[in-house]
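Chain naming here is simple, since letters A, B, ... match the order of the sequence lines and numbering starts at 1 in each.
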Number of protein chains: 4
Amino acid sequence: MGETGSSRWQRKKDARPSEILDAALTLFVEKGYLATKMEDIARAAGVTKGTPYLYFQNKEEIFKAVVRETIVARVHAMSAQLAQLHGIGSSELLFLALEDWWTHIGSTRAAGLCKLMAAEATNFPDLTRFYYEEAILPARQLLGHIIQRGMDSGEFRPVHLDYAIDALTAPMMMTMILSHSFALVPGCCDSLKDNPLEFLKTSLRLTLQGMHQPAPQDARP
Amino acid sequence: MGETGSSRWQRKKDARPSEILDAALTLFVEKGYLATKMEDIARAAGVTKGTPYLYFQNKEEIFKAVVRETIVARVHAMSAQLAQLHGIGSSELLFLALEDWWTHIGSTRAAGLCKLMAAEATNFPDLTRFYYEEAILPARQLLGHIIQRGMDSGEFRPVHLDYAIDALTAPMMMTMILSHSFALVPGCCDSLKDNPLEFLKTSLRLTLQGMHQPAPQDARP
Amino acid sequence: MGETGSSRWQRKKDARPSEILDAALTLFVEKGYLATKMEDIARAAGVTKGTPYLYFQNKEEIFKAVVRETIVARVHAMSAQLAQLHGIGSSELLFLALEDWWTHIGSTRAAGLCKLMAAEATNFPDLTRFYYEEAILPARQLLGHIIQRGMDSGEFRPVHLDYAIDALTAPMMMTMILSHSFALVPGCCDSLKDNPLEFLKTSLRLTLQGMHQPAPQDARP
Amino acid sequence: MGETGSSRWQRKKDARPSEILDAALTLFVEKGYLATKMEDIARAAGVTKGTPYLYFQNKEEIFKAVVRETIVARVHAMSAQLAQLHGIGSSELLFLALEDWWTHIGSTRAAGLCKLMAAEATNFPDLTRFYYEEAILPARQLLGHIIQRGMDSGEFRPVHLDYAIDALTAPMMMTMILSHSFALVPGCCDSLKDNPLEFLKTSLRLTLQGMHQPAPQDARP
DNA sequence: GATGAATGAGATTTCATTCAT
DNA sequence: TATGAATGAAATCTCATTCAT
């Protein structure tokens, strides 16, 4: 007894909110917003029913915080890759971005947020807009930059930028959603479970083949 | 005397189940399973609280019926296209299938079921498997046949069938999910709302470019 | 066609109310008042939901009618025995009354009414009083008469009349209640099910032994 | 610090289940199982609608608990009398047992359980069997032992054991049922209300007279 | 801060009763 | 008369939230 600097205690105390958000993320992604009970969140966070209310106003605020915190964390984690934007071909860069995204988002629970937000979009329009602007748009912009660079350099043929981004994004989004839905049900999407990253790369390769500038001799009549 | 005691009420009675399912589909897609109240469904169907229970055991059965009826109806509607499987190039066939799918599914509320099932997959595993087997797999098999045909005829280069299907499916799934989630929120996915079919065709075109067999002279070194 | 005296139809029509009451008696006795649904009664009576309301105001009136009709019918059926009140010893008369009661009430569904009324007594006080006055009291009075006769003739020793009636009634009431409750559950009251009348007679014999005037020599000091 | 966080609330919490069961017992006995609303129970226990669900899964479990707790408590309370099984005549012992039963069961709300179980027997067969085995059979066995002892010692003449038990039990059961049904309705069973124990004793006396071994000289022709 | 008993609004479901046919 | 679709009051049960300790 006596106040021994409270360091471990302090850490505990400071950690509470994120422990709660962490538990909430898992449960929201697994069961959906309404099917997740406050008490489940508390228990999963190792506290009791009343505790989450010491840190968050209510369930909805927890939901919002989960989305915000996760997005912020992940987008920050991915921004490290932006530093590498030199001296690499655009195709290769897209592959690197894909792997990076896979590591920090696609293969993590953060991917579940995409499914979650899709499910709750109309119930939480403000939050949805936030998610869209802070998660989806940045990812698209990043891809847009790279594609533009490839077109500028002649590596890619001219394409409609938005459509190209969509084409690149679709497999990622499909993977995020499927892996937190059908793929969790035995007997569904078994191929997806094998090696999602491989699928994503193949898909990217396929799309890039469609985007690539044909080699000069190919163009000859 | 001796008439079939039908007339106005009878007609109502026959129509009720589908009216209820119709209302339920819209609400489930819009708000999700749990956020949709039985009374909402009843009111949307123009009846009172108790009436849906005359036709369905409980909410879950309504949910299942919505999924089953919609899937069955749509898959049947799409099977008409199978008759056209002669004398058309595989690429062209894929475009026709896409348009057909768009007409009967992609642009309808049935598309919302995909989002719905993704959201509720783990809460209704049996139903999810049903949906997967009756909706997702048939669509994939159809695409698989066409691709295989294209490879057999030399129109497409050899590709990994599953990955190719994924690549073709991803934009469709993304469209279905986005158009019933983010796209409904003002300020999100505005490009999608403009002309989704155009995006889908562009996407298909892009993917096909990656799959097409290069012309013979191109292959020469 | 043409109106052929409507005899069978007429019979049917007149029979409806009693068919409904008959069905209701069975169900009320089996499941209790509240657990019996109007639709069950209708179905058991071979009609549809609305029909009982053509003959009875509501469920409560059906309940009351069931009790009244059954009591009236049974008490009438038992009144035939009153004619036999001459030239028979009181003990023997009690045995005859017991057998008569057993035939017309104890072994029939009417016995179930006793359980039913006990269960619902406080919920339907007026009806309970009716039942008490029309069923229980007459039976007690009948027994009272016989016992009194026995005491007057010296066949029975002097006893407190009410208590003697209670002692004679208790086994009957117990049989009625048990046979429509515990005895219906496998594993309970198996001995009762064997031969209830035999138990009743034995019980009566035992009680009569206690009531009988000892033979003169026994009384001598 | 470090105290057992109890005091007022804790005491409340420990008391709650039995307060709820207590309220439920009264209401179930008074109105029956179905006619007793959960909110009635809650209010009678001084809590609100939701509170009973903190301690019991549902209404049925409350019902079961009421039966179990009451039976267990009462049967334990009665087992104290078993210690007195020495040096007393069997007749006298039966009177003592009767008084004991009257004190701990017959005159208490526990007696109402008998009516309740009779009413609900077919709706809750398992519970009924439990009640039968834990309440009815032990009572019968106790009586059986005493009667057997009486026969062994020559105090009683040989009788059919089951029937003798029935004869002794019937007045008790009738009292329990009547006093929680007809006797509660003004104008019914007024004699019963006067002095039920007196009736029971008289009844027992009467039955014992039928069972007693006549004194030796009496048996002489 | 943390607990967890208690609350009470609200959701699902049932069923007696009505009434157009 | 008879039907049975529809109603809506009422009951059971859940769970987000509060607050005394």
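- For E:dT14, neither phosphate oxygen OP1 nor OP2 lies less than 4.0 angstrom from any side-chain nitrogen or oxygen of B:Y53.
- One can place NZ of B:K59 at 15 Å from P of E:dT14, the figure rounded to the nearest angstrom.
- Among the nucleotides F:dT17, F:dA5, E:dA5, the one closest to any side-chain atom of B:R16 is F:dA5.
- Checked options C:V66, C:L27, C:L25; the residue passing with C:I41 is C:L27 (criterion: side chain to side chain contact (heavy atoms under 4.5 Å, CB included)).
- Taking 4.5 Å as the limit, every side-chain heavy atom of B:K64 sits out of range of all side-chain heavy atoms of B:V67.
- Residues B:E60 and D:L54 each lie close to DNA chain E; by heavy-atom proximity, the contact nearer the 5' end of the strand is made by D:L54.
- Counting to the nearest Å, the P atom of E:dT13 and the CD atom of B:E61 are 10 Å from each other.
- Positionally, the nearest nucleotide of DNA chain F for D:N58 lies more toward the 5' end than for the other of D:N58 and A:N58.
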*Go through B:F28 and B:I62 one step at a time and tell me if the side chain to side chain contact (heavy atoms under 4.5 Å, CB included) criterion holds.*
CA-CA 10 Å; B:F28 283 149; B:I62 291 183; 4.1 Å; yes

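- Using bins of under 30°, 30° to 60° and over 60° for the plane-to-plane angle, the ring pair B:Y33/B:F63 lands in the tilted bin.
- A salt bridge between A:R109 and A:D22 is present, with a side-chain N of the basic residue lying under 4.0 Å from a carboxylate O of the acidic one.
- Across the protein-nucleic acid pair, D:F63 atom CZ and F:dT12 atom P stand 14 Å apart, rounded to whole Å.
- With the end axes of the helix from E:dA2-F:dT21 to E:dT21-F:dA2 each set by five pairs, the angle from one to the other reads 10° at 10° resolution.
- Panel note: side chain C:K49, backbone C:A42; no donor-acceptor pair is recorded below 3.5 Å.
- Using modelled atom types, no side-chain atom of D:T70 and backbone atom of D:A110 make a donor-acceptor pair closer than 3.5 Å.
- Annotation: proximity of residues 29-51 of chain B to DNA chain F (heavy atom, distance under 4.0 Å) is found for B:V47, B:T48, B:K49, B:G50, B:T51, numbered in ascending order.
- Within 6.0 Å of NZ in B:K31 there are 12 or fewer heavy atoms belonging to other residues, nucleotides or ligands.
- Under the salt bridge (Lys or Arg N to Asp or Glu O under 4.0 Å) criterion, C:E134 pairs with no residue, sequence neighbours left out.
- Distance CD (D:Q57) to P (F:dT12): 16 Å, rounded to an integer number of Å.
- Note: CD1 (C:I62) to P (E:dA16) measures 10 Å, nearest angstrom.
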